[in-house]
Every structure is written in C-alpha cells, then in structure tokens.
Amino acid sequence: MGFIGSGHLGTTIARLAVEAGHQVVLSNSRGPATLADTAAELGPRASAATNGEAAAAGDIVVVSVPVKAFPDLPAAPLAGKTVINTCNYGPERDGHIPELDKQALTSSELLLRYIPDAMLVKAFNNIFFEHLLSLPRPAGAADRSYLPITGDSAPAKAAVTEFIASIGYGVVDAGPLADSWRQATGTPVWGTPYGPYSNEKGQPAGEDAIRAALATATR
C-alpha cells in the first residue's frame with residue numbers, strides 16, 4: 001500500500017492496513033524525514049518515502065491530499081495502478097474551482113485529469129478518521145460498518161473492496177465515478193451515519209443505512 005498524503009485520514013488507513021498485515025509506504029509533501037516518527041510508531045511493516053516512491057511501491061495507492069494539490073501528483077508511477085481517492089473539495093482550503101462549484105465534475109473526475117491512466121476508486125472520504133479507527137469489526141459481525149465506494153473499473157473496485165474487508169469494513173458499491181457526488185461533503189452519507197464527531201468511538205452503520213443515505217442524496 002502506498003500513501004500520498006499522511007494526515008489524519010491517510011495515517012489512520014495506514015494504521016489499519018498495518019494491523020491487517022499489509023506493508024505500507026508513507027509520503028507527504030514535506031519529505032520522508034518528516035514521517036520517520038510515524039513510520040517507526042507503525043512498526044516494521046511501515047516505511048517513509050517520497051511521493052513518487054510511494055506511488056511506485058503500492059499495489060494500491062491511497063491519495064489523501066487537498067484538491068488543490070492534484071496537479072502535483074506523480075502521474076507516471078500511478079499509471080495502471082488502483083488509486084483510492086479519499087479527498088473532499090473545500091473551497092475555503094482549495095480555493096474556488098469553477099467546474100466543481102458548478103457541479104460540472106466530481107472531484108474524482110477532476111483528479112483523473114491529472115492521473116488519467118490510473119484506475120480510480122472513491123472511498124473513505126465520508127467517514128471521520130476517529131470513527132474509522134474505532135469501528136472495524138470482523139466479517140459476519142452484526143455490527144459491521146459499511147463504506148460506500150464509486151469507480152469505473154470493476155477490477156479496481158474488487159481490489160479496494162478486498163482491502164476494505166481486510167481492515168474490518170463492508171462495502172456498498174455506489175456506482176461510477178460520476179455518481180461520487182452522492183458521498184461528497186454535506187451529503188446524507190457523509191459523516192452522519194457513523195455518529196457525531198463528539199463521539200470519538202462512533203456508531204456502527206450497516207449496509208442498509210448506507211444505501212438509504214446514498215439514495216436520499218440530492219445535488
């Protein structure tokens with residue numbers, strides 16, 4: 001697993017991945033030296049590298065960066081890779097991007113302009129990182145939580161579904177990338193099913209709850 005962007009969400013996914021037995025390679029915009037402590041804490045399955053090295057190393061690469069940083073992503077090593085886009089657009093942080101403001105594109109479709117040869121899957125963008133850390137459950141558990149994913153590549157969706165299952169979650173296939181707006185910031189499936197931020201442990205959100213939240217999204 002490669003990680004481009006190692007903030008709260010990226011590091012949480014990496015932590016769950018390590019606990020599930022995956023090797024992780026972390027990177028950020030400030031260089032591998034700034035991630036040495038994080039990699040050491042995560043243990044021998046974790047290492048720090050440049051963005052390009054993390055992209056090249058991962059069978060699956062998790063992109064957790066501000067939308068405004070999309071142009072800086074290393075496109076060549078991501079070609080042919082399954083890439084998980086966890087990113088949410090926020091004009092207050094990213095500046096205004098007219099095509100996103102007008103809803104002419106989703107942020108995932110915008111990302112594909114910069115990494116056109118990647119197989120992109122939108123996932124993890126709708127859950128608070130502390131809830132993500134506390135809600136994993138084994139397969140078959142009555143209180144197993146589900147995460148929505150969108151994407152245009154069936155093999156990439158299958159790979160991401162397998163990874164998400166390995167870290168303790170089920171998956172709801174929410175359609176193609178063009179439908180990823182249904183899990184964007186402020187939609188019914190964004191945050192709410194897993195409980196308020198004030199409850200660090202969150203609450204389980206099953207498949208039916210996630211499907212219902214997706215169905216009620218409006219644009």
Side-chain angles (χ1 to χ4, degrees), residues 1-28 42 46 49 51-67 69-70 72-75 77-89 106-129 131-133 135-136 145-185 189-190 210:
M1 300 288 302
F3 288 81
I4 300 176
S6 299
H8 288 312
L9 183 58
T11 301
T12 297
I13 299 169
R15 186 179 305 279
L16 293 174
V18 165
E19 290 172 359
H22 300 280
Q23 296 282 136
V24 304
V25 182
L26 306 170
S27 70
N28 63 17
L42 291 178
N51 286 350
E53 290 165 344
D59 296 321
I60 297 175
V61 180
V62 179
V63 172
S64 291
V65 300
V67 170
F70 284 176
D72 302 324
L73 291 170
L78 291 174
K81 294 287 181 79
T82 293
V83 173
I84 299 176
N85 171 27
T86 76
C87 312
N88 288 312
Y89 171 53
T106 65
S107 61
S108 291
E109 290 171 313
L110 178 66
L111 176 54
L112 268 182
R113 291 187 174 180
Y114 297 102
I115 52 170
D117 298 318
M119 297 182 292
L120 197 62
V121 176
K122 183 82 167 189
F124 295 109
N125 72 297
N126 73 309
I127 186 168
F128 183 43
F129 74 93
H131 294 167
L132 181 66
L133 188 63
L135 288 173
S145 290
Y146 280 67
L147 298 170
I149 68 169
T150 51
D152 297 334
S153 164
K157 278 183 171 178
V160 172
T161 297
E162 183 178 356
F163 169 67
I164 290 175
S166 78
I167 64 170
Y169 287 86
V171 162
V172 171
D173 187 333
L177 282 181
D179 287 345
S180 60
W181 62 268
R182 290 186 177 276
Q183 64 197 75
T185 304
V189 83
W190 185 77
I210 298 303

For the student: nearest non-hydrogen atoms of [X] and [Y], plus distance:
| X | Y | result |
| --- | --- | --- |
| Ser153 | Met119 | OG-SD, 3.6 Å |
| Ala14 | Leu42 | CB-CD1, 4.2 Å |
| Gly5 | Val65 | CA-CG1, 4.1 Å |
| Tyr169 | Leu133 | OH-N, 4.5 Å |
| Asn51 | Ser27 | OD1-OG, 2.8 Å |
| Ala54 | Phe3 | CB-O, 3.8 Å |

Determine yes or no for a side-chain-to-main-chain donor-acceptor pair under 3.5 angstrom, with [X] supplying the side chain and [Y] the backbone.
| X | Y | result |
| --- | --- | --- |
| Thr11 | Ser6 | yes |
| Lys81 | Asp117 | no |
| Asn126 | Val189 | yes |

To the nearest 0.5 Å, what is the distance between [atom1] on [X] and [atom2] on [Y]?
| X | Y | atom1 | atom2 | result |
| --- | --- | --- | --- | --- |
| Asn85 | Leu110 | CG | CG | 9.5 Å |
| Thr82 | Glu162 | OG1 | CD | 11.0 Å |
| Leu177 | Ile149 | CG | CD1 | 10.5 Å |
| Asn125 | Leu9 | CG | CG | 8.5 Å |
| His22 | Ile13 | NE2 | CD1 | 12.0 Å |
| Ile127 | Thr86 | CD1 | OG1 | 12.5 Å |

**Request:** For the pair Phe124 and Phe163, name the ring-plane relationship: parallel under 30°, tilted 30 to 60°, perpendicular over 60°.
**Result:** perpendicular
Close side-chain approach of [X] and [Y], heavy atoms under 4.5 Å:
| X | Y | result |
| --- | --- | --- |
| Leu112 | Glu109 | no |
| Ile167 | Pro136 | no |
| Ile4 | Pro74 | yes |
| Leu111 | Leu73 | yes |
| Lys122 | Ser107 | yes |
| Ser64 | Val62 | yes |
| Val25 | Glu53 | no |

**Asked** So does Asp72 have more than 12 non-hydrogen atoms from other groups sitting under 6.0 Å from CG?
**Response** yes
